[in-house]
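Read the structure below first, then the notes.
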Amino acid sequence: MIYYKIIGYGACQWCQKANSLMESLKLPFIACWIENSPELLDWYKTTYGMETVPIIMRIDTESDVIDVIGGFTEFEKYVKEGLHQESDT
């Protein structure tokens, strides 16, 4: 199974845009709002090489592969290129 994960803040406009776009595309996803966990956010940023939120990932539960897509701009490009549809195959 493929699903997406958004790491960010509930009050972040880019995090909410990513959330809304995933909902509109009916993609399976979870959103983790971690504004109360700065150490955890630092861990995600360091682990996935990101400097800002949202941090958007594509997760394949069968292969245990986690691909970091990037932030909202990269996710929007990912969708425009139709790469999200390849998740269904």
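Quantities reported herein were computed from a predicted structural model and do not represent experimental measurements. Just so you know, residue 1 is the first one in the sequence shown, and it goes up from there.
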(request) Please report the closest heavy-atom contact between C15 and G8, naming both atoms and the distance. (result) SG-CA, 3.7 Å
(message) Looking at E81, I want to see if its CD is surrounded by more than 12 non-hydrogen atoms of other residues, nucleotides or ligands under 6.0 Å.
(response) yes
(request) Can you sort out the partners of S20 under side chain to side chain contact (heavy atoms under 4.5 Å, CB included), two or more places apart, ordered by chain and number? (result) none
(request) Identify the two heavy atoms, one from V53 and one from Y9, that lie closest to each other, and give their separation to 0.1 Å. (result) CG2-CD1, 3.8 Å
(request) Evaluate side-chain contact (heavy atoms from CB on, under 4.5 Å) for I2 paired with I59, printing each intermediate quantity in order. (result) CA-CA 6 Å; I2 302 293; I59 301 169; over 6 Å; no
(request) With sequence neighbours left out, write down each residue that passes ring pair (Phe, Tyr, Trp, His ring centres under 6.0 Å) with W14, or none if nothing qualifies. (result) F72
(request) Give the ring-plane orientation class for Y78 versus Y4, where under 30° counts as parallel, over 60° as perpendicular and anything between as tilted. (result) perpendicular
(message) On a heavy-atom basis, which atom in G71 and which in I56 lie closest, and how many Å separate them?
(response) O-CD1, 3.7 Å
(request) Please name all residues satisfying side chain to side chain contact (heavy atoms under 4.5 Å, CB included) with E62, sequence neighbours left out, ordered by chain then number. (result) D60
(request) Answer yes or no: is there a side-chain heavy-atom contact under 4.5 Å between N19 and E23? (result) yes
(message) Within the structure provided, determine whether Y3 and L27 are in side-chain contact (heavy-atom separation under 4.5 Å).
(response) no
(request) Taking Q16 for its side chain and G10 for its backbone only, find out whether a donor-acceptor pair lies under 3.5 Å. (result) yes
(message) Please enumerate all residues that pass side chain to side chain contact (heavy atoms under 4.5 Å, CB included) together with S37, with sequence neighbours excluded.
(response) I34, L40
(request) Among M57, K5, M22, find the residue that satisfies the side-chain contact (heavy atoms from CB on, under 4.5 Å) test when tested with I30. (result) K5
(request) Identify which one of V65, I66, T61 satisfies the side-chain contact (heavy atoms from CB on, under 4.5 Å) criterion when paired with S63. (result) V65
(message) So which atom in P54 and which in I6 form the shortest heavy-atom distance, rounded to 0.1 Å?
(response) CB-CG2, 3.9 Å
(request) List for me each residue that meets side chain to side chain contact (heavy atoms under 4.5 Å, CB included) alongside K45, sequence neighbours excluded, and say none if there are none. (result) L41, I55
(request) Provide the closest heavy-atom pair for E74 versus G70 in the form atom of the first, atom of the second, distance. (result) OE1-C, 3.8 Å
(message) Can a donor-acceptor pair be found, under 3.5 Å and without considering hydrogens, that links the side chain of T46 to the backbone of W43?
(response) no
(request) Could you grab the distance from atom NZ of K17 to atom OG1 of T73, nearest 0.5 Å is fine? (result) 9.0 Å
(request) Quick one: which residue pairs count as a ring pair (Phe, Tyr, Trp, His ring centres under 6.0 Å) with a foot in residues 16-41, not counting sequence neighbours? (result) none
(message) Can you confirm whether M50 sits close enough to V68 that some side-chain heavy atom of one is under 4.5 Å from a side-chain heavy atom of the other?
(response) yes
